[in-house]
> 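Can you read through this structure? Questions will come right after.
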Amino acid sequence: MTINQILEQVVEANNDYNIDLAKSQFEATKKAVNERKDELQAISKLSKTSTETLEEKIDSMGSDDEVSRRLEKLGNEESSPKK
């Protein structure tokens with residue numbers, strides 16, 4: 001075996017190692033990015049749920065106020081003397 005052949009094998013082994021290392025680093029980065037994405041989606045969903053719940057409560061309170069106002073108005077109309 002010549003020195004050039006040995007050097008070629010060393011370079012090839014080094015390239016294979018670098019490719020495996022790069023793949024490993026890529027997979028670790030991909031996993032971290034996906035975990036962060038999932039976390040942000042969960043936070044977003046919780047925020048929307050809280051906001052929607054608050055909006056529903058506000059709408060309900062507005063509806064309750066409107067019902068009370070109309071009942072009061074109806075009660076006032078019934079109790080006022082008719083002409």
Side-chain angles (χ1 to χ4, degrees):
M1 204 182 254
T2 67
I3 291 181
N4 285 338
Q5 290 173 331
I6 294 171
L7 287 174
E8 285 176 17
Q9 287 180 350
V10 169
V11 168
E12 186 178 322
N14 192 29
N15 286 341
D16 290 342
Y17 173 75
N18 286 338
I19 289 171
D20 290 340
L21 181 61
K23 283 181 184 178
S24 175
Q25 289 173 342
F26 174 79
E27 290 300 323
T29 302
K30 181 180 173 183
K31 181 181 176 192
V33 168
N34 285 332
E35 287 173 357
R36 181 67 176 151
K37 179 184 132 198
D38 292 344
E39 179 182 340
L40 290 175
Q41 285 177 338
I43 290 170
S44 175
K45 185 176 180 180
L46 288 172
S47 296
K48 287 180 183 176
T49 301
S50 297
T51 302
E52 290 169 358
T53 302
L54 182 59
E55 288 173 356
E56 288 172 3
K57 286 181 181 178
I58 290 171
D59 288 344
S60 176
M61 288 172 30
S63 297
D64 291 346
D65 289 345
E66 182 63 19
V67 168
S68 296
R69 185 188 66 78
R70 289 183 184 188
L71 287 173
E72 185 178 321
K73 182 178 177 184
L74 183 62
N76 287 340
E77 288 175 1
E78 288 180 359
S79 64
S80 62
K82 295 187 179 182
K83 295 180 183 178

> Taking side chain to side chain contact (heavy atoms under 4.5 Å, CB included) as the test, write out the residues that go with L71, two or more places apart.
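V67.
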
> Please name all residues satisfying side-chain hydrogen bond (donor to acceptor under 3.5 Å, both in side chains) with E66, sequence neighbours left out, ordered by chain then number.
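So E66 forms a side-chain hydrogen bond (donor to acceptor under 3.5 Å, both in side chains) with R69, R70.
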
> Looking at L21, I'd like to know if its CG atom is crowded, meaning that more than 12 non-hydrogen atoms belonging to other residues, nucleotides or ligands lie closer than 6.0 Å.
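Yes, CG of L21 has more than 12 neighbouring heavy atoms, counting only those of other groups under 6.0 Å.
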
> Each residue besides V33 in its hydrophobic cluster should be listed here, by chain and number; the cluster joins Ile, Leu, Val, Met, Phe, Trp and Tyr at side-chain heavy-atom distances under 4.5 Å.
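Its cluster partners, ordered by chain and number, are none at all.
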
> Got a donor-acceptor contact below 3.5 angstrom from the S63 side chain to the D59 backbone?
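Pair found, side chain donor or acceptor close to backbone of D59.
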
> Could you list the residues that satisfy side chain to side chain contact (heavy atoms under 4.5 Å, CB included) with I19, not counting sequence neighbours?
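Checked I19 against side chain to side chain contact (heavy atoms under 4.5 Å, CB included); matches are K23.
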
> Under a single-linkage rule joining Ile, Leu, Val, Met, Phe, Trp and Tyr whose side-chain heavy atoms are separated by less than 4.5 Å, which residues share a cluster with L54?
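Its cluster partners, ordered by chain and number, are I58.
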
> Distance-only criterion, 3.5 Å: show the donor-acceptor pairs between side-chain atoms of residues 34-46 and protein atoms not counting sequence neighbours.
unit_1 : atom_1 : unit_2 : atom_2 : d
N34    : ND2    : K30    : O      : 3.4
R36    : NH1    : E39    : OE2    : 3.2

> Is there a donor-acceptor pair closer than 3.5 Å between any side-chain N or O of S60 and the backbone N or O of E56?
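Such a contact is absent between S60 side chain and E56 backbone.
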
